[in-house]
2 protein chains.
Amino acid sequence: MTNEDKKELSPAMEDYLRTIYKFEEKGAMVTTSMISESLGVAPASVTKMMKRLASMDLVEHEPYRGVGLTANGEKAAAEMARHHRLIELFLTEVVGVPWDRVHDEAHRLEHALSEYLEDRLADILGDPKVDPHGQLIPCKDGRVAVRNLRMLWELEQGTRGVVAEIEDHDPALLRYAAERTLFPGTEICVVERDPYGGSVIVALGAERCAVGQDAARQIWIETNDTTS
Amino acid sequence: MTNEDKKELSPAMEDYLRTIYKFEEKGAMVTTSMISESLGVAPASVTKMMKRLASMDLVEHEPYRGVGLTANGEKAAAEMARHHRLIELFLTEVVGVPWDRVHDEAHRLEHALSEYLEDRLADILGDPKVDPHGQLIPCKDGRVAVRNLRMLWELEQGTRGVVAEIEDHDPALLRYAAERTLFPGTEICVVERDPYGGSVIVALGAERCAVGQDAARQIWIETNDTTS
DNA sequence: TGCAGAATTGAGCCGCGTCTAAAAATAACC
DNA sequence: GGTTATTTTTAGACGCGGCTCAATTCTGCA
Ligand SMILES: [Mn+2]
Ligand SMILES: [Mn+2]
Ligand SMILES: [Mn+2]
Ligand SMILES: [Mn+2]
């Protein structure tokens, strides 16, 4: 019945969808300017594309308020996220590309990955669940595990947790994290917070290190408290 | 001085250039209709693109006669051919993709491969000289070895040689060749030619097999005769 | 509550890469 | 060698995905 089942999405559309997806993952509401900035494109271009995507039932656009993915849109976006993250992991694990370089490469390659190759990569990597930066890899049907992540920056003093995810678009941040051995999986404890906004002091086993605000806002921690 | 050194080429332009390159490799003169057919695009689109490429000094276009790559164009095209063929080899060797599927995948991926990744692949593969179908991989500066190839179809009875190359765009042909163990490197001898155009009978060691005309026109043999 | 500044949208433009239909040049054939 | 068939080019159109600039809407603050 629904005769527009398999729209062929352009690379540009895929980029927009994955960008929105990335923000929604973090629970943020998604505005024109966020997309505009993240994609390096004029705000008016975003608006125009949102209309197009809305007409394809991939996005819901509330003028002047923001956008959100529809069920269809989320499906397509998860697909892209899966491509992107599988490629990132493949590049680090198999090709030997350092983790601060894989994002840009994956960004270019994701649109060119066939379903067949996607399956081959997943196979070789043993059906991985997370990419090199800790981002969840959606499975084929688009489903993802749910996690309760909190910004390192917002944790109260004394909180314990595990590094879950580090924003992957800025190579310098990734190197900054690596210098402090803040990798996904690293256990940490917040020792001290400068109330006037400088750094968080974090303990990693016996070591401790300072993490500046800008970085601490881009590092996500999984805590074991039951914030119901 | 020359301020237009590094034009950024669009994927479409890269496709046109690599297509012309592919024909020139085989010593053919390149016409609008050949490109049109090979790229699945209207002849008028080819003409228009040829003008654009000519204005960028990548192509020389003699109206109504044909086109050829300039030095710049050949550089750029060799770059694409290198990408394409490195990817094909990587996919067969590392990812385990069968040789009749790699062409289409490489065709999509080639435009998204950075110089950095290109180098990584070449490294992993040990600076290879030929792709899975026997096509030569240009080195970074665009240089390629010279070979003296002849169509299997045009060899006289009794000629000995080695399979050098099999056209890679048609998966069925590649499977056809594989069934007969006609891989790059296989030694063969032409036992018999049907003068009325059916098949060539080829000996491979003790075995022999028939190769139909359409296939024999797409299989290239390196012979050891000194055709000076 | 009204207003200034910021965010968003609308209108209109542009280049790319495609198409179709018609004109022009070349090639084939009798 | 002239006529016909084929190939190629020209002309004009279109959709996409960007942009700029102006109009609109929303927000924060006096
Ligand atoms: Mn996929
Ligand atoms: Mn990542
Ligand atoms: Mn290259
Ligand atoms: Mn090949």
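Everything numeric in this text was worked out from a predicted model, so none of it was measured. In what follows, every chain begins at residue 1, and chains take the letters A, B, ... in the order their sequences are listed.
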Main-chain N/O of B/Val200 paired with B/Arg193 side-chain donor or acceptor, under 3.5 Å: no

Any donor-acceptor pair under 3.5 Å from A/Glu154 side chain to A/Arg150 backbone: no

Looking at residues at least two apart in the chain, or sitting in another chain, which of them share a ring-ring contact (aromatic ring centres under 6.0 Å, His included) with A/Trp99? A/His133, A/Phe183

Is the shortest side-chain N to carboxylate O distance from B/Arg85 to B/Glu165 below 4.0 Å? no

Among residues at least two apart in sequence or on other chains, which ones pass side-chain hydrogen bond (donor to acceptor under 3.5 Å, both in side chains) with B/Glu167? B/Trp220

Can you pull out the residues from residues 23-30 of chain B that lie within a 4.0 Å heavy-atom distance of DNA chain D? none

Sort and list the pairs that fulfil side-chain hydrogen bond (donor to acceptor under 3.5 Å, both in side chains) and have at least one residue in residues 63-73 of chain B, not counting sequence neighbours. B/Asp57-B/Asn72

Set of side-chain contact (heavy atoms from CB on, under 4.5 Å) partners for A/Glu93, sequence neighbours left out: A/Leu89, A/Leu125

How would you summarise protein contacts on nucleotides 8-16 of chain D per nucleotide, using B for base, S for sugar-phosphate only and - for none, with heavy-atom distances below 4.0 Å? BBB-BB--S

Got a sec, which pairs hit side-chain hydrogen bond (donor to acceptor under 3.5 Å, both in side chains) with one end in residues 27-46 of chain A, sequence neighbours left out? A/Lys22-A/Ser38, A/Thr31-A/Ser33

DNA chain C: first to last nucleotide in contact with chain B (atom under 4.0 angstrom from a heavy atom), 5' to 3', is C/dC16 to C/dA27

Distance check needed: D/dC19 C1' versus A/Leu39 CG, whole Å only. 15 Å

Applied to residues 103-114 of chain A, the side-chain hydrogen bond (donor to acceptor under 3.5 Å, both in side chains) test, sequence neighbours excluded, yields A/Glu14-A/His111, A/Asp15-A/His111, A/Arg18-A/His107, A/Arg18-A/Glu110, A/His84-A/His103, A/His84-A/Glu110, A/Glu88-A/His103, A/His103-A/Asp168, A/Glu105-A/Arg108, A/Glu105-B/Ser114, A/His107-A/Glu110, A/Ser114-B/Glu105

Polar pairs (N or O, both sides) under 3.5 Å between protein and nucleotides 2-5 of chain D?
none

Rounded to the nearest 0.5 Å, how far does OG1 of B/Thr223 lie from CG of B/Leu152? 11.5 Å

Which pairs, with at least one residue in residues 129-140 of chain A and sequence neighbours excluded, count as a salt bridge (charged side-chain N to carboxylate O under 4.0 Å, His left out)? A/Glu115-A/Lys140, A/Glu118-A/Lys140, A/Asp119-A/Lys140

List in chain and number order the residues that pass ring-ring contact (aromatic ring centres under 6.0 Å, His included) with A/His61, two or more places apart in sequence or in another chain; answer none if no residue qualifies. none

